[in-house]
Amino acid sequence: VQLQAFGGGLVRPGGFLRLSCVVSGRVSRISNMAWYRQAPGKERELVAAITSGGITNYADSVKGRFTISRDNAENTVYLQMNTLKPEDTAVYLCSADTTYYNDFGSPVVSRSWGQGTLVTVSS
């Protein structure tokens with residue numbers, strides 16, 4: 001399973017960006033998808049998550065500004081980030097909980113991570 005994230009960049013405070021993350025490879029089902037971020041010198045934190053049914057969860061720091069969504073047909077998760085602040089600067093990583101069936105017909109469940117995309121909010 002591979003995850004590839006797109007959309008990071010440099011943006012001014014108050015601006016917006018949209019991140020995308022595409023899941024590819026041997027996947028039968030994707031359950032939870034999420035975005036995390038890690039700023040320099042800080043621990044990785046959950047930004048937003050979404051279930052296969054569309055139930056979402058957000059960190060308090062991004063509620064009302066960020067929106068997570070997914071396209072199940074395209075195995076893609078998005079993060080729309082509005083009203084960006086300097087403290088949103090971080091490497092953003094996507095994750096996906098995937099299931100595939102091995103040669104014995106048994107389900108193999110795992111969490112996979114993308115490579116990260118850098119978001120810099122600065123004037």
- side-chain contact (heavy atoms from CB on, under 4.5 Å) involving T89 - partner list, sequence neighbours excluded: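 Checked T89 against side-chain contact (heavy atoms from CB on, under 4.5 Å); matches are T120, V121.
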Looking only at heavy atoms, which two atoms of [X] and [Y] are closest? And how far apart?
X    : Y    : answer
L93  : G114 : CD2-O, 3.9 Å
R65  : D88  : NH1-OD2, 2.7 Å
V119 : G8   : CG2-CA, 4.1 Å
A96  : V23  : CB-CG2, 4.0 Å
L3   : Q115 : O-OE1, 3.5 Å
T67  : Y58  : CA-OH, 3.4 Å

- Give the C-alpha distance, both sets of side-chain angles, the deciding distance and a yes or no for side-chain contact (heavy atoms from CB on, under 4.5 Å) between F66 and L79. CA-CA 7 Å; F66 290 10; L79 185 68; 4.2 Å; yes
What's the spacing between [X] [atom1] and [Y] [atom2] if we round to 0.5 Å?
X    : Y   : atom1 : atom2 : value
Q80  : S20 : CD    : OG    : 9.5 Å
L17  : L84 : CG    : CG    : 5.5 Å
S110 : R26 : OG    : CZ    : 11.5 Å

- Query: Do I30 and V1 belong together in a cluster built from hydrophobic side chains that touch within less than 4.5 Å?
  - Reply: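 Both belong to a single hydrophobic cluster.
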- Query: Are M33 and Y78 joined in one hydrophobic group, where the rule is that I, L, V, M, F, W and Y side chains link up if heavy atoms are under 4.5 Å apart?
  - Reply: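 No, separate clusters.
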- Query: Is there a side-chain contact between S122 and L10, using heavy atoms and a 4.5 Å cut-off?
  - Reply: yes
- Is there a side-chain contact between W35 and C21 (heavy atoms, below 4.5 Å)?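 Side-chain contact under 4.5 Å: yes.
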Let me check something: any side-chain donor-acceptor pairs from residues 41-53 under 3.5 Å, sequence neighbours excluded? List them with distances.
| from | atom 1 | to | atom 2 | distance (Å) |
| --- | --- | --- | --- | --- |
| E45 | OE2 | R37 | NE | 2.6 |
| E45 | OE2 | R37 | NH2 | 3.2 |
| T51 | OG1 | G53 | N | 3.3 |
| T51 | OG1 | G54 | N | 3.3 |
| T51 | OG1 | I55 | N | 3.0 |

- Message: Looking at R29 and D97, would you say the former's side chain and the latter's main chain have a donor-acceptor pair under 3.5 Å?
- Response: no
- Query: Can you check whether A90's main-chain N or O pairs, donor with acceptor, with Q38's side chain at less than 3.5 Å?
  - Reply: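 No: the side chain of Q38 does not pair with the backbone of A90.
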- Task: List for me each residue that meets ring pair (Phe, Tyr, Trp, His ring centres under 6.0 Å) alongside Y36, sequence neighbours excluded, and say none if there are none.
- Result: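 Expected list: W113.
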- Message: Could you go through R18 and F16, starting from their C-alpha distance and side-chain angles, then the distance that decides it, and tell me whether this counts as side-chain contact (heavy atoms from CB on, under 4.5 Å)?
- Response: CA-CA 7 Å; R18 189 189 195 210; F16 63 92; over 6 Å; no
- Verify salt bridge (Lys or Arg N to Asp or Glu O under 4.0 Å) between D60 and K63, making sure each step is shown before the conclusion. CA-CA 5 Å; D60 288 343; K63 282 181 181 176; 3.1 Å; yes
